[in-house]
Amino acid sequence: MFHRKKTHFMKTESKKGTSLVIVVCVSAFLVAFALAMIYTAGLMLSQANKRLRQERCYQLAKSFAETLDYELTRFESPQQAKADPDGGNSFYLFTCRFLEMKSYLDYNPNDPANTIYHYSAGENPAGDKNYGDITIALYKENDWDGRQTFSYSSTSGAAGNPDTVAGSIARYTLTVEVTVRADNMSYSYSTVYNQSAAYDMEALVFYHNGNRISWDSTDKQWKDNLGALLSVPENDPIEYEIKPFTAATDFDWVTGYKFNKTIRESGETETEGGEGETGGGEAPEP
């Protein structure tokens, strides 16, 4: 009798032990599952916050780039900008000087430190750091390879007329890059423009058969280096180049200056440490 009771007791205790092990295993599984869910939720929240910071940085850079784009299309000549009460210190006038002045070197990918220039946008409005830290970088590429050539024509308005040639010259590609740093993120937004300029004859130097000549816009005549009238046959090739601008007064030679976008904007997103993602100018994915 005692042996039966002992055996029954042992079976009961064994069942209790097995149940306890099952409960512990199930509890451990539930705890692990809960921790995994918390980790996943935290990871998703972190990614969502990162995307929000990327989006904010992108919007700030894009908005500022659009403001600069407006400034570049606000005037049509340096003279018009100077005549405006706020045009004397405008981004437009600075960019005209940047492209024309000899002191600003053409972009060299092997020497970016000395061929990429920065424009100060001033302090944030009322010191409001919500706008982030803004940097504007400019660099220019000269699309001309030596002197340019056209076929002379005495017909008024023809493409080979010197006055017509001087009135529409495009020789620079300009890149404007806006970089905004905010919320431990940064976004660089670049816009590329073609410059289109109109020059007075004083800015151009002409050559015929290797000899320097000049064009009299009033008399519609060519003159040699001594000022004597020169006969240039129709359709003869004439070479020309723009004098380097070395002083602010040289801008009196410019009668028009326009900027036209050439390709859609592009951008790059990264973290403060330099590690991050690179994009093609679209807003960060939600």
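Here the structure is a predicted model, which is why all the values come from computation and not from measurement. Computed over heavy atoms, backbone and side chain alike; hydrogens, waters and symmetry mates excluded.
Sparse packing is recorded around NZ of Lys102, with 12 or fewer heavy atoms of other residues, nucleotides or ligands lying under 6.0 Å away.
Under the side chain to side chain donor-acceptor pair (under 3.5 Å) criterion, Ser196 pairs with no residue at all, not counting sequence neighbours. Glu76 pairs by the salt bridge (charged side-chain N to carboxylate O under 4.0 Å, His left out) definition with nothing, not counting sequence neighbours. Qualifying side chain to side chain donor-acceptor pair (under 3.5 Å) partners for Lys223, counting only residues two or more places apart in sequence or in other chains: Asp216. Scanning for salt bridge (charged side-chain N to carboxylate O under 4.0 Å, His left out) contacts around Lys62 gives Glu66, with sequence neighbours left out. Residues meeting the side chain to side chain donor-acceptor pair (under 3.5 Å) test with Asp111, sequence neighbours left out: Asn114. Scanning for side chain to side chain donor-acceptor pair (under 3.5 Å) contacts around Glu202 gives an empty result, with sequence neighbours left out. Applying the salt bridge (charged side-chain N to carboxylate O under 4.0 Å, His left out) test to Glu141 and every residue at least two apart in sequence or in another chain returns nothing. Every ring pair (Phe, Tyr, Trp, His ring centres under 6.0 Å) that Trp253 has, sequence neighbours left out, goes to Phe245. Looking at residues two or more places apart in sequence or on another chain, you find a salt bridge (charged side-chain N to carboxylate O under 4.0 Å, His left out) between Asp84 and Arg74.
In this structure, Trp215 has its ring center at least 6.0 angstrom away from the ring center of Tyr240.
Note that the CG atom of Asn225 and the CG atom of Leu230 stand 11.0 Å from one another [nearest 0.5 Å]. Rounded to the nearest 0.5 Å, atoms CD (Glu177) and CG (Leu138) are 10.0 Å apart. Here CD of Glu234 is found 3.5 Å from OG of Ser154. Values are rounded to the nearest 0.5 Å.
Taking both residues in full, the closest heavy atoms of Ala65 and Tyr189 are given as CB-CD2, 3.5 Å, listed atom of the first, atom of the second, then distance. Looking at every heavy atom in both residues, Tyr119 comes nearest to Asn89 through OH-O, 3.8 Å.
Both Ile242 and Leu105 belong to a common hydrophobic cluster when Ile, Leu, Val, Met, Phe, Trp and Tyr are linked at side-chain heavy-atom distances under 4.5 angstrom.
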query = After noting the C-alpha distance and the side-chain angles of Ser90 and Glu71, does the key distance pass the side-chain hydrogen bond (donor to acceptor under 3.5 Å, both in side chains) rule?
reply = CA-CA 8 Å; Ser90 64; Glu71 289 295 321; 5.5 Å; no
request  = Please lay out, stage by stage, how Thr173 and Asp143 fare under the test side-chain hydrogen bond (donor to acceptor under 3.5 Å, both in side chains).
outcome  = CA-CA 7 Å; Thr173 298; Asp143 301 326; 2.9 Å; yes
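In this structure a side-chain-to-backbone donor-acceptor pair under 3.5 Å is present from Lys140 to Tyr104. Using a distance-only test at 3.5 Å, with no hydrogens or angles considered, a donor-acceptor pair links the side chain of Asn161 to the main chain of Asp163. Between the side chain of Tyr152 and the main chain of Pro162, no donor-acceptor pair closer than 3.5 Å is present. Between the side chain of Ser63 and the main chain of Leu60, no donor-acceptor pair closer than 3.5 Å is present. Of the possible polar contacts, one joining the Thr73 side chain to the Asp69 backbone as a donor-acceptor pair under 3.5 Å is found. In this structure, the side chain of Gln79 engages the main chain of Phe251 through a donor-acceptor pair within 3.5 Å.
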Could you pull out all donor-acceptor pairs under 3.5 Å where a side-chain atom in residues 204-212 meets a protein atom, sequence neighbours excluded?
{"from": "Tyr207", "atom 1": "OH", "to": "Glu241", "atom 2": "OE2", "distance (Å)": "3.0"}
{"from": "His208", "atom 1": "NE2", "to": "Asp236", "atom 2": "OD2", "distance (Å)": "2.9"}

With a cut-off of 3.5 Å and sequence neighbours excluded, list every side-chain donor-acceptor pair involving residues 92-100.
{"from": "Tyr92", "atom 1": "OH", "to": "Ser77", "atom 2": "N", "distance (Å)": "3.0"}
{"from": "Tyr92", "atom 1": "OH", "to": "Tyr257", "atom 2": "O", "distance (Å)": "2.8"}
{"from": "Thr95", "atom 1": "OG1", "to": "Phe91", "atom 2": "O", "distance (Å)": "2.7"}
{"from": "Glu100", "atom 1": "OE1", "to": "Arg171", "atom 2": "NH2", "distance (Å)": "2.7"}
{"from": "Glu100", "atom 1": "OE2", "to": "Tyr199", "atom 2": "OH", "distance (Å)": "2.4"}
{"from": "Glu100", "atom 1": "OE2", "to": "Tyr257", "atom 2": "OH", "distance (Å)": "2.8"}

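Thr179 and Thr135 are not linked by any side-chain donor-acceptor pair at a separation below 3.5 angstrom, with hydrogens and angles left out of the test.
Connectivity analysis of hydrophobic side chains (ILVMFWY, heavy atoms under 4.5 Å, direct or indirect) links Tyr139 to Tyr107, Ile116.
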